[in-house]
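First up is the structure itself, then whatever we jot down about it.
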Number of protein chains: 2
Amino acid sequence: MVRVHDIAGEGRRQTSQRALIYDLISKANGHIDADELYRKARKKQPRISLSTVYRNLQLFKEMRLVEEHGFSEAHRHYEVKPRAEHQHLLCQRCGKVLEFKNPLIDQMKKQVEEQHSFKVSSADVNLIGICSLCQKDEEARPE
Amino acid sequence: MVRVHDIAGEGRRQTSQRALIYDLISKANGHIDADELYRKARKKQPRISLSTVYRNLQLFKEMRLVEEHGFSEAHRHYEVKPRAEHQHLLCQRCGKVLEFKNPLIDQMKKQVEEQHSFKVSSADVNLIGICSLCQKDEEARPE
DNA sequence: TTGGTTGCAAAGCTTTTGCATATAT
DNA sequence: ATATATGCAAAAGCTTTGCAACCAA
């Protein structure tokens with residue numbers, strides 16, 4: 001079984017399902033939802049159950065190894081805790097989720113803390129719009 | 001029945017349920033979810049159904065009269081389309097949702113459009129943290 | 001050995017949908 | 001008159017939970 005350094009201790013156990021799920025999230029090039037995770041996991045471990053996926057997702061959230069995003073959909077997406085905070089671009093045409101960073105966000109946090117006496121612990125920023133590929137696509141064949 | 005100027009035309013009908021729902025959202029001091037809307041609506045119209053609430057919410061969204069927010073919960077919140085774009089502060093202690101505006105957001109949008117060739121149509125910014133009341137509360141009796 | 005974990009099935013919650021009835025226009 | 005809207009109940013997502021069996025430590 002692949003040893004995932006982060007997962008252990010505190011009365012927690014290292015199981016093959018847990019390691020697999022963590023591995024799949026971290027290899028998921030950004031974001032993945034529970035259902036896709038489940039489908040990918042079954043290819044490696046056909047008997048794994050969806051509840052195991054959800055239970056581990058919950059655990060990873062509590063351990064702060066993984067972040068949960070609501071985006072605008074009916075289901076949630078997960079990503080391994082990024083070393084550096086980043087934000088998301090959501091293409092409203094193809095549904096793709098891209099990442100970006102921008103230093104103005106830190107400035108904004110500071111301003112808000114001062115202006116509203118609100119202690120900011122994290123920022124969740126989603127810019128909704130059209131990605132570059134879809135823009136080209138629309139030029140090529142306008143609808 | 002209260003006439004809601006925005007709701008009419010395009011084969012749309014003015015019903016007492018529709019007017020009531022719109023009225024409740026706009027009076028909801030910021031944000032309200034479907035269930036609370038339903039409970040408030042029943043006080044005025046005891047026979048109104050939850051599906052009517054959801055169907056009108058959907059309609060208002062399509063008509064761009066109301067905005068839907070996912071925040072971080074399992075259900076969605078709604079607010080009447082604000083004249084000016086604003087963003088949200090989410091208190092992770094008491095759950096309150098506050099509003100704020102910040103000019104850096106427009107700057108950030110421009111930078112992102114240039115740097116990522118992404119055409120931004122709207123920004124959804126949530127700052128998670130502790131509101132001023134809860135900060136005082138924690139000072140008073142630290143846990 | 002034993003308490004955390006899993007798989008399965010069932011339940012929960014929010015949101016959506018089918019259909020007959022009611023109603024705005 | 002007639003197409004839109006409603007109420008009710010049933011269904012449909014996504015997520016959580018109870019429980020017996022399993023297995024990592």
Side-chain angles (χ1 to χ4, degrees), chain A residues 1-25 31-39 41-42 44-63 65-66 68-78 95, chain B residues 1-25 31-39 41-42 44-63 65-78:
Chain A
M1 179 197 316
V2 183
R3 186 117 206 132
V4 181
H5 72 291
D6 302 297
I7 307 169
E10 318 267 316
R12 292 281 154 59
R13 287 175 189 180
Q14 188 75 220
T15 66
S16 61
Q17 293 92 329
R18 179 161 297 166
L20 172 60
I21 293 168
Y22 184 85
D23 192 51
L24 289 173
I25 303 171
H31 310 82
I32 189 166
D33 60 33
D35 192 63
E36 192 179 347
L37 206 40
Y38 177 49
R39 280 185 281 111
R42 270 195 302 186
K44 296 264 185 180
Q45 294 192 31
R47 290 183 45 82
I48 199 171
S49 85
L50 185 54
S51 8
T52 296
V53 171
Y54 275 110
R55 277 190 284 235
N56 279 291
L57 246 15
Q58 186 94 18
L59 175 67
F60 297 156
K61 264 193 290 174
E62 283 163 15
M63 295 175 80
L65 293 176
V66 159
E68 184 182 66
H69 297 279
F71 295 140
S72 49
E73 291 137 293
H75 56 270
R76 304 168 196 169
H77 282 223
Y78 301 86
Chain B
M1 180 196 318
V2 182
R3 186 118 205 132
V4 181
H5 73 291
D6 301 298
I7 307 168
E10 315 268 314
R12 292 283 153 58
R13 290 177 187 179
Q14 188 77 219
T15 66
S16 61
Q17 293 93 328
R18 180 161 297 164
L20 172 61
I21 293 167
Y22 185 84
D23 192 52
L24 290 173
I25 304 171
H31 309 82
I32 190 166
D33 60 34
D35 192 61
E36 193 179 345
L37 206 40
Y38 177 49
R39 281 184 280 111
R42 270 195 301 186
K44 297 262 184 181
Q45 294 192 30
R47 291 182 47 83
I48 199 171
S49 86
L50 185 55
S51 6
T52 296
V53 171
Y54 275 110
R55 277 190 283 234
N56 278 291
L57 246 14
Q58 187 94 19
L59 176 66
F60 298 157
K61 264 192 291 174
E62 283 164 15
M63 296 176 80
L65 293 176
V66 159
E67 282 182 359
E68 183 181 66
H69 297 280
F71 295 142
S72 48
E73 292 137 289
H75 55 269
R76 305 169 196 168
H77 281 225
Y78 301 85

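In what follows, every chain begins at residue 1, and chains take the letters A, B, ... in the order their sequences are listed.
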* To do: Summarise protein proximity over nucleotides 5-10 of chain D in one line of letters, 5' to 3': B for base, S for sugar-phosphate only, - for none, counting protein heavy atoms closer than 4.0 Å.
  => SBBBB-
* To do: Could you state the atom-to-atom distance from NZ of B/Lys61 to C1' of C/dT16 in whole Å?
  => 11 Å
* At under 4.0 Å, does any side-chain N or O of A/Arg76 touch on OP1 or OP2 of D/dT15? -> yes
* Asked: With sequence neighbours left out, what residues match B/Asp35 under salt bridge (Lys or Arg N to Asp or Glu O under 4.0 Å)?
  -> B/Arg39
* Structure fact -> In this structure, CG of B/Leu37 is separated from CG of B/Leu24 (nearest 0.5 Å) by 6.0 Å
* Given side chains that start at C-beta, do those of B/Ile21 and B/Ile48 come closer than 4.5 Å, heavy atoms only? -> yes
* **Residues in side-chain hydrogen bond (donor to acceptor under 3.5 Å, both in side chains) contact with B/Ser51, at least two apart in sequence or another chain** => B/Ser49
* Is any side-chain nitrogen or oxygen of A/Gln58 closer than 4.0 Å to OP1 or OP2 of D/dT16? -> yes
* Gap separating the CD1 atom of B/Ile25 from the OH atom of B/Tyr78, nearest 0.5 angstrom -> 9.0 Å
* Asked: To the nearest angstrom, how far is B/Glu62 atom CD from C/dT15 atom P?
  -> 16 Å
* Asked: Roughly, in whole Å, what's the span from NE2 in A/His77 to P in D/dC14?
  -> 10 Å
* To do: Calculate the interatomic distance between B/Tyr54 atom OH and D/dG13 atom C1'; express it in whole Å.
  => 12 Å
* To do: Please work out which of the three classes, parallel, tilted or perpendicular, describes the rings of A/Phe60 and A/Tyr22, given edges at 30° and 60°.
  => perpendicular
* Taking only residues two or more places apart in sequence or in another chain, which ones pass side-chain hydrogen bond (donor to acceptor under 3.5 Å, both in side chains) with A/Tyr54? -> none
* Structure fact -> Atom CZ of A/Phe60 and atom P of D/dT15 are separated, to the nearest Å, by 16 Å
* A/Glu68 CD to A/His77 NE2 distance, which is reported to the nearest 0.5 Å -> 11.0 Å
* Give the rounded distance in Å between these two atoms: CG of A/Leu20 and C1' of C/dT5. => 15 Å
* **Set of side-chain hydrogen bond (donor to acceptor under 3.5 Å, both in side chains) partners for B/Lys44, sequence neighbours left out** => none
* To do: Identify, residue by residue, the members of residues 32-39 of chain A with a heavy atom below 4.0 Å from DNA chain C, and return them in order of residue number, or none.
  => none
